[in-house]
Amino acid sequence: MSKPDKYAGKFEFLEHTADVYIRAHGVTMEEAYQNAALAMFETMTDSAKIAQTQQETLDVEAEDQYALLYNWLEALLVKFETENMLFSKFEITDWKETAESFKFKAKVWGEKFNPKKHPQKVGVKAITYHLMVVIREPERVVLEFILDI
């Protein structure tokens, strides 16, 4: 799968045998997380066709950065599986890191899945920790993760 130009600098699909391997980028951790979520929904459908008509708020918390990325993507995947919701806009605020936990609040915008409007690409079964990477550099953040399809 080649990455569409409209997502240059946000995320790219890496080669992997049976799953989808993604590298998401951002200037900040928040931006990288937003782009990771966008990449997951782009894996499922054309995210440009997801209207931002419904807003929801999520609180995400974990004991480390890897679990936080996992919990974030898992929370969005559960919304899709239980409520048929697709999302295409993400705003992360109130990022807090302590020795015990990492947490943030997120506003997400999207709409219910409509097979006539949203072309199905591949179904995402789960998020995995396999090959998960969180790289923080002074100028950018890189997140790598695999979606089980």
Side-chain angles (χ1 to χ4, degrees), residues 1-62 64-81 84-97 102-114 117-149:
M1 245 191 270
S2 64
K3 82 177 157 61
D5 289 342
K6 63 186 172 184
Y7 299 118
K10 291 187 177 197
F11 65 83
E12 61 220 55
F13 296 104
L14 305 174
E15 292 297 318
H16 196 265
T17 50
D19 299 314
V20 177
Y21 192 13
I22 295 169
R23 177 181 295 134
H25 311 265
V27 174
T28 62
M29 192 63 83
E30 293 89 337
E31 184 182 22
Y33 268 64
Q34 291 163 184
N35 289 334
L38 181 61
M40 182 174 74
F41 285 101
E42 183 65 26
T43 299
M44 296 191 263
T45 189
D46 179 354
S47 61
K49 294 185 175 178
I50 303 170
Q52 299 164 4
T53 53
Q54 295 180 47
Q55 180 191 321
E56 298 195 29
T57 304
L58 299 170
D59 289 303
V60 183
E61 187 168 1
D64 62 44
Q65 287 181 12
Y66 298 95
L68 190 68
L69 178 57
Y70 179 94
N71 290 353
W72 163 236
L73 297 173
E74 179 76 3
L76 294 169
L77 187 57
V78 166
K79 287 266 182 206
F80 173 72
E81 290 170 349
N84 256 351
M85 286 297 298
L86 294 170
F87 300 102
S88 60
K89 183 179 175 192
F90 312 90
E91 181 184 303
I92 293 176
T93 59
D94 297 329
W95 188 281
K96 292 188 179 62
E97 295 181 26
F102 290 74
K103 58 184 166 184
F104 62 82
K105 292 186 182 308
K107 286 183 188 166
V108 297
W109 290 265
E111 67 178 332
K112 290 234 184 251
F113 170 69
N114 175 345
K117 181 179 180 185
H118 305 114
Q120 285 185 274
K121 291 183 181 177
V122 295
V124 175
K125 288 189 250 170
I127 318 305
T128 72
Y129 281 100
H130 181 63
L131 299 179
M132 188 180 278
V133 176
V134 177
I135 302 168
R136 244 188 239 234
E137 296 174 348
E139 313 277 316
R140 70 181 189 138
V141 173
V142 176
L143 306 172
E144 292 182 3
F145 57 95
I146 290 179
L147 301 174
D148 182 15
I149 58 172

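Residues: numbered from 1 along the sequence shown.
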*Could you give me the CA-CA distance, side-chain angles and deciding distance for Y70 and M132, then say whether side chain to side chain contact (heavy atoms under 4.5 Å, CB included) is met?*
CA-CA 9 Å; Y70 179 94; M132 188 180 278; 4.2 Å; yes

_Under the criterion side chain to side chain contact (heavy atoms under 4.5 Å, CB included), I'd like the reasoning laid out for I127 against M40: C-alpha separation, chi angles, the key distance, then a yes or no._
CA-CA 10 Å; I127 318 305; M40 182 174 74; 3.7 Å; yes

*asked:* side chain to side chain contact (heavy atoms under 4.5 Å, CB included), that's the test. Do I22 and T43 meet it? Break it down for me.
replied: CA-CA 10 Å; I22 295 169; T43 299; 3.8 Å; yes

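Once rounded to the nearest 0.5 Å, the distance linking CD of E42 with CZ of F13 reads 6.0 Å. Taking CE of M29 as the reference point, atom CG of L69 lies at 9.0 Å (rounded to 0.5 Å). Note that the CZ atom of F87 and the CD atom of Q52 stand 11.5 Å from one another [nearest 0.5 Å]. Between the CZ atom in F102 and the CG atom in D64 there is a gap of 7.0 Å [rounded to 0.5 Å]. Between L147 atom CG and Y21 atom OH the span is 12.0 Å, to the nearest 0.5 Å. To the nearest 0.5 Å, atoms CG (L86) and CD1 (I50) are separated by 4.5 Å.
When all heavy atoms of F11 and N35 are compared, the closest pair comes out as CD2-O, 3.8 Å. Here the closest heavy-atom approach between residue S88 and residue S47 is recorded as CB-O, 3.5 Å. Minimum heavy-atom separation, V124 to L77: O-CD1, 3.7 Å. Across all their heavy atoms, E61 and N71 have their closest contact at O-ND2, 2.9 Å. Contact record, A62 with L68: CB-N, 3.3 Å, taken as the closest heavy-atom pair. Of all the heavy atoms in T45 and P119, the pair that sits closest is OG1-O, 2.7 Å.
Using a 4.5 Å heavy-atom cutoff, the side chains of L38 and Y7 are in contact. At least one side-chain heavy atom of F80 sits less than 4.5 Å from a side-chain heavy atom of M44. R23 has its side chain within reach of V142: a pair of non-hydrogen atoms, C-beta onward, lies under 4.5 Å apart. Taking the side chain as every heavy atom from C-beta outward, M85 and V108 never approach each other to under 4.5 Å.
For the side chain to side chain donor-acceptor pair (under 3.5 Å) with H25, the qualifying choice from K10, E31, E12 is E12, the only one to do so. Shown are K107, K105, K96; of these, the salt bridge (charged side-chain N to carboxylate O under 4.0 Å, His left out) with D59 is made only by K105.
Ring geometry for W72 against Y33 counts as tilted: the plane angle lies between 30° and 60°, on a 0 to 90° scale.
Of the possible donor and acceptor atoms, none in the side chain of E111 sits under 3.5 Å from a partner among the backbone N and O of T53. Checked by atom type and distance alone, the side chain of Q34 pairs as donor or acceptor with a backbone atom of I92 at under 3.5 Å.
Under a cut-off of 6.0 angstrom, the local environment of NZ in K103 is sparse, with at most 12 non-hydrogen atoms contributed by other residues, nucleotides or ligands.
Residues forming a side-chain hydrogen bond (donor to acceptor under 3.5 Å, both in side chains) with K79 (at least two apart in sequence, or on another chain): E56, E83. Evaluation of the side-chain contact (heavy atoms from CB on, under 4.5 Å) rule for N114 yields K116, K117, H118 as partners, not counting sequence neighbours. Considering only residues two or more places apart in sequence or on other chains, E137 meets the side-chain hydrogen bond (donor to acceptor under 3.5 Å, both in side chains) condition with R140.
A ring-centre distance under 6.0 Å is not found for Y66 and Y129.
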